[in-house]
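Each ligand, and each atom within it, is numbered from 1 in the order the structure gives.
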Amino acid sequence: MTAEHLKCKECGRTYPLEALFVCEYCFGPLEVAYDYERIRSRATKERIAHGPPSLWRYADFLPVERRPDVDLQAGFTPLVKADRLAAELGLKKVWIKNDTANPTHSFKDRVVTVALQRALELGYEVVACASTGNLANSVAAHAAASGTDAYVFVPANLEIQKIIATAVYGVNLVKVRGNYDDVNRLCTEIAADKHWAFVNVNVRPYYSEGSKTLAFETAEQLGWRAPDKVVVPVASGSLLTKIHKGFQELGEVGLIRRKTPVVCGAQAAGCGPVAAAFAAGQEHVKPVKPDTIAKSLAIGNPADGIFALEVARETGGVIESVTEQEIVDGIKLLAETTGIFTETAGGVTTAVLAKLAAAGKVHASEEIVVYITGDGLKTLDAVAGTLSTYEIEPDMADFEARVLEGEAGSLDGEEHDDESGAGEDSRRQAV
Ligand SMILES: *Cc1c(COP(=O)(O)O)cnc(C)c1O
Ligand SMILES: [Zn+2]
């Protein structure tokens with residue numbers, strides 16, 4: 001293993017590579033520290049290229065003794081050039097990192113596969129998590145694949161798609177009557193009492209390392225270089241800080257020229273404590289009560305919020321927030337210009353890109369990578385009622401009358417209007 005120890009992010013004290021997550025002295029969060037000389041001598045471009053087509057091709061950068069025997073092969077998702085989206089926003093060089101293309105359709109598979117592997121290496125027999133939804137899907141699937149017992153805790157008001165896509169794997173799914181912050185508090189208490197590996201509590205230092213692979217893949221897929229700017233959704237803030245760490249590590253071991261992209265964060269205004277702190281120029285993040293359709297980002301008291309702030313400020317980025325309407329518009333803009341259907345979190349990210357472009361905070365000359373972290377089929381309600389279809393009798397005449405003539409005639413105006421306003425006699429129907 002190239003990982004050497006856990007290290008406190010505040011005071012620098014070190015700890016063994018066990019299921020520890022806070023510093024005993026200063027209560028700072030612990031992070032995995034590596035022997036970069038060792039990684040440098042091992043991780044060549046050739047070795048990575050010959051690795052599996054999954055995030056395990058970067059195992060030299062991950063805190064595990066070995067790759068899992070049974071695995072869902074998370075990661076190595078497409079990086080697609082989004083020229084039509086770019087043109088729409090007055091930009092030129094935009095890529096979408098399409099992390100909907102993971103085994104359970106969100107980036108959480110990256111963090112879960114690393115956390116579960118480390119938990120099994122540490123001798124745990126039960127895995128658990130506190131989730132805003134996507135983590136639940138992923139822990140359940142990875143537990144099923146590896147035959148590990150799992151307890152998954154979610155807010156009771158979670159989208160039905162995410163409940164079903166967790167329960168189907170046959171895990172113990174616990175709906176807690178409260179918001180994510182309540183669920184997380186309960187899980188921290190349970191973690192202190194039971195010998196379970198809570199992926200985002202007591203094995204969080206290993207879990208969060210999985211997010212670095214989004215930076216590694218981006219660099220490899222661009223031909224071993226970093227983009228100028230990245231736009232990343234923020235819930236706890238872990239993903240944002242680890243994408244930054246990933247690019248730094250590649251520079252450290254000489255796989256890319258030392259260049260850290262400008263890191264921009266995206267939140268919903270209905271749960272934007274980090275964006276609010278950024279706007280106010282504050283060092284601390286004041287907790288909020290979440291109220292947004294972007295449920296996967298609805299963490300009112302983000303554990304890594306201050307570190308996300310630091311990264312954005314240090315790299316010259318921003319943390320921006322968008323309204324509920326902008327989130328829905330962002331989902332549709334991405335779908336209509338790239339063919340990628342994202343859940344609400346990706347609507348937030350796309351809307352923030354659009355907002356930054358409109359404000360002149362991103363430029364046509366810059367290479368920008370946008371992280372789309374979850375699939376639209378998980379949050380159908382967000383766009384339900386805003387789309388339209390035709391419904392016809394099964395004959396040619398009706399097809400021509402209602403669809404083709406409709407196109408040429410009275411529906412023309414509606415084409416560009418999100419409100420289909422489909423009345424009784426309208427040819428189009430709202431979905
Ligand atoms: C969890 C999640 C995030 C952000 O995660 P953090 O690391 O907690 O900031 C982003 N997008 C989706 C879809 C998620 O499920
Ligand atoms: Zn400390």
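Summary of contacts: the protein heavy atom closest to atom 7 (O) of ligand 1 is Leu239 N, 2.8 Å. Given atom 8 (O) of ligand 1, the protein heavy atom at minimum distance is Ser236 OG, 2.6 Å. Remark: minimum distance from atom 11 (N) of ligand 1 to any protein heavy atom is reached at Thr373 OG1, 2.7 Å.
The proximity of Thr132 to ligand 1, defined as any non-hydrogen pair under 4.0 Å, does not occur for either the backbone or the side chain. In Lys108, the part holding a heavy atom less than 4.0 Å from any atom of ligand 1 is the side chain.
Side-chain contact check for Thr373 and Asp99: no donor-acceptor pair (N or O, by modelled atom type) lies under 3.5 Å. Side chain to side chain, Thr2 and Asp35 fail the donor-acceptor criterion of an N or O pair below 3.5 Å.
Of the polar atoms of Ala235, at least one N or O is found under 3.5 Å from an N or O of ligand 1, judged by distance alone. On a distance-only criterion, Gly237 and ligand 1 share at least one N/O pair closer than 3.5 Å. Checked by distance only, ligand 1 and Asn134 come closer than 3.5 Å through their nitrogen or oxygen atoms.
Note on Glu209 versus Arg204: no salt bridge recorded, every NZ/NE/NH1/NH2 to OD/OE distance being 4.0 Å or above. Look at Arg47 and Asp60 and you find a salt bridge, because one of the NZ, NE, NH1 or NH2 atoms lies within 4.0 Å of a carboxylate O, short of that distance.
Within ligand 1, counting atoms from 1 as listed, the ones closer than 4.0 Å to a heavy atom of Glu343 are 13 (C). Against a heavy-atom cut-off of under 4.0 Å, Ala345 is close to the following atoms of ligand 1: 11 (N), 13 (C). Atoms of ligand 1 lying under 4.0 Å from at least one heavy atom of Leu297, given by number and element, are 3 (C), 10 (C), 11 (N).
Counting heavy atoms from C-beta on, the side chains of Val174 and Val154 never come closer than 4.5 Å. Between Lys97 and Glu217 the shortest side-chain heavy-atom distance falls below 4.5 Å. In this structure, Glu125 and Leu120 have side chains that are not in contact, with every pair of non-hydrogen atoms separated by 4.5 Å or more. The shortest side-chain heavy-atom distance between Leu6 and Glu18 does not fall under the 4.5 Å cut-off. Proximity of Trp56 to Val64: side-chain heavy atoms (C-beta onward) are separated by under 4.5 Å at one or more points. Put simply, the side chain of Leu55 does not reach to within 4.5 Å of the side chain of Asp109, judged on heavy atoms. Counting heavy atoms from C-beta on, the side chains of Thr104 and Tyr169 come closer than 4.5 Å.
Protein N/O/S atoms closer to the Zn ion (ligand 2) than 2.8 Å number 4 in this structure.
Note: Tyr124 and Trp196 fail the aromatic proximity criterion, with ring centroids not under 6.0 Å apart.
The closest approach between any non-hydrogen atom of Ser106 and ligand 1 is not below 4.0 Å.
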